There are 2 protein chains.
Amino acid sequence: MARRNDKRSRLVTAADKLFHEQGVSTTTLANIAQLADVPLGNVYYYFKSKESIVLAVIDYRRKLIQAQFDELNGIDSTLVRLQTLVRQTTAHSEQTANFGDALGSLCQELGKQGGQIAAAAADLMQEIMNWCEKQFVSLGKGEKAKQLAMILLSSLQGISLLTLTFKNATYTNQQADYLVNWLETV
Amino acid sequence: MARRNDKRSRLVTAADKLFHEQGVSTTTLANIAQLADVPLGNVYYYFKSKESIVLAVIDYRRKLIQAQFDELNGIDSTLVRLQTLVRQTTAHSEQTANFGDALGSLCQELGKQGGQIAAAAADLMQEIMNWCEKQFVSLGKGEKAKQLAMILLSSLQGISLLTLTFKNATYTNQQADYLVNWLETV
DNA sequence: GTCTATAGGCAGATAGAC
DNA sequence: GTCTATCTGCCTATAGAC
């Protein structure tokens, strides 16, 4: 059972990395199996199709984001909590310059295809949106909280795309500075 | 010669549509040929590879954007010029909800692969960035013009992604309202 | 549970008749 | 210039030995 989970999780993290770096459709099961050091045919013992691997990756992403929120929720000040979320994006700005934002890429690629997979990725983005909205409510923004969450999230996603496009991590870092200030004036 | 250009341009517009709706890597030459009503084998008389079709599509996108800027440049007020750019995004908000932003999708998908194609798509995004920066300079924003262009463009790209993700054109429309006001307070 | 071998299909690209 | 037929290789998925 330990070994089963071990191979399964190795496949998921390998798929997550490759989906982020190359995109879902250009990543083959052979790529994933090789990176996870699992024989190709064995992949189908753990996942019945490529689609189910994508779902497992989205679930893995959900856990990563949940852990991030658990950490953020430990911060007393709501303003600092939001500012820390923004600051955290700069930690991977080099990775963003090379491959973009992992969730944003998934939503962009899968969103067009529609179906169950797109919905699963959208759910995850919605969770982030909800968390942000909750923070703005906590800041007393009331009815404006939803729109503020939309502005913040779209700014973060947009700058990730520009950072990837221009292959320049500085964009993410500058935007983070701007947004940290913006949060204080909102 | 007329026929040559006719088939060629039919292939380019078909590819442009399919790349936008399905993504580049999932679109096959057979898909493009069928939509353009050109036999599959004949595609290679006009393009030596799929990659060269992608480059032609980016070039086609460049002309579309150039035409858009030609129109915008006819507007006297710089502020109204920028506001019109923002308002224009709402014209395709339904399409955005289904397939995202055409150029943004290209940059997202191709950006990871790197190489000549990614650079061509980035060039196009840079042209938009430059145009926006020029407007902010014209508004007397001086050194801040570059950052303001970045903020505007990332907001537009980010909201396109969220509009696609949540399959809701309202996001684009609300963000346009917000940005039109923001432009006045900047 | 694990892995090899391979089926079956479709992709990009080419050859060559017309 | 145009189009049919096809090559070659890779991809997802399965069969079945161990």
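Residue numbering restarts at 1 for every chain, and letters A, B, ... go by the order of the sequence lines. All figures in this text were calculated on a predicted structure; none of them were measured in a lab.
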Can you tell me the distance, in whole Å, between the [atom1] atom of [X] and the [atom2] atom of [N]?
{"X": "A:Leu11", "N": "C:dG1", "atom1": "CG", "atom2": "P", "result": "15 Å"}
{"X": "B:Gln22", "N": "C:dA11", "atom1": "CD", "atom2": "P", "result": "11 Å"}
{"X": "A:Leu29", "N": "C:dG8", "atom1": "CG", "atom2": "C1'", "result": "15 Å"}
{"X": "B:Phe47", "N": "D:dC3", "atom1": "CZ", "atom2": "P", "result": "15 Å"}
{"X": "A:Asn42", "N": "C:dT2", "atom1": "CG", "atom2": "P", "result": "6 Å"}
{"X": "A:Ile53", "N": "D:dC11", "atom1": "CD1", "atom2": "C1'", "result": "13 Å"}
{"X": "B:Leu40", "N": "C:dG12", "atom1": "CG", "atom2": "C1'", "result": "9 Å"}
{"X": "A:Ile32", "N": "D:dT12", "atom1": "CD1", "atom2": "C1'", "result": "11 Å"}

Verify side chain to side chain donor-acceptor pair (under 3.5 Å) between B:Thr170 and B:Asn173, making sure each step is shown before the conclusion. CA-CA 5 Å; B:Thr170 313; B:Asn173 300 330; 5.4 Å; no
Can you list every pair that meets side chain to side chain donor-acceptor pair (under 3.5 Å) and has a residue in residues 118-129 of chain A, with sequence neighbours left out? A:Arg62-A:Glu127, A:Gln126-A:Asn130
Considering only [options], which nucleotide approaches the side chain of [X] most closely?
{"X": "B:Lys7", "options": "C:dA13, D:dC3, C:dT2", "answer": "D:dC3"}
{"X": "B:Tyr45", "options": "C:dC3, D:dG1, C:dG12", "answer": "D:dG1"}
{"X": "B:Lys50", "options": "D:dC3, D:dA13, C:dG12", "answer": "C:dG12"}

Minimal heavy-atom distance between A:Ile75 and A:Arg81, with the atoms involved, is O-NE, 2.9 Å
Start at the 5' end of DNA chain D and walk down; is the nucleotide closest to A:Thr28 or to B:Val38 reached first? B:Val38
Does D:dA13 have OP1 or OP2 under 4.0 Å away from a side-chain N or O of A:Tyr44? yes
Check whether any side-chain nitrogen or oxygen of B:Tyr46 sits under 4.0 Å from OP1 or OP2 of D:dG1, and answer yes or no. no
Check every strand shown and say whether B:Thr27 touches a base, only sugar-phosphate, or nothing at a heavy-atom separation below 4.0 Å. sugar-phosphate
Member of B:Ile58, B:Ile65, B:Leu64 meeting the side-chain contact (heavy atoms from CB on, under 4.5 Å) criterion with B:Leu103: B:Ile65
Parallel, tilted or perpendicular, judged at 30° and 60°: which one describes the rings of A:Trp131 and A:Phe69? parallel
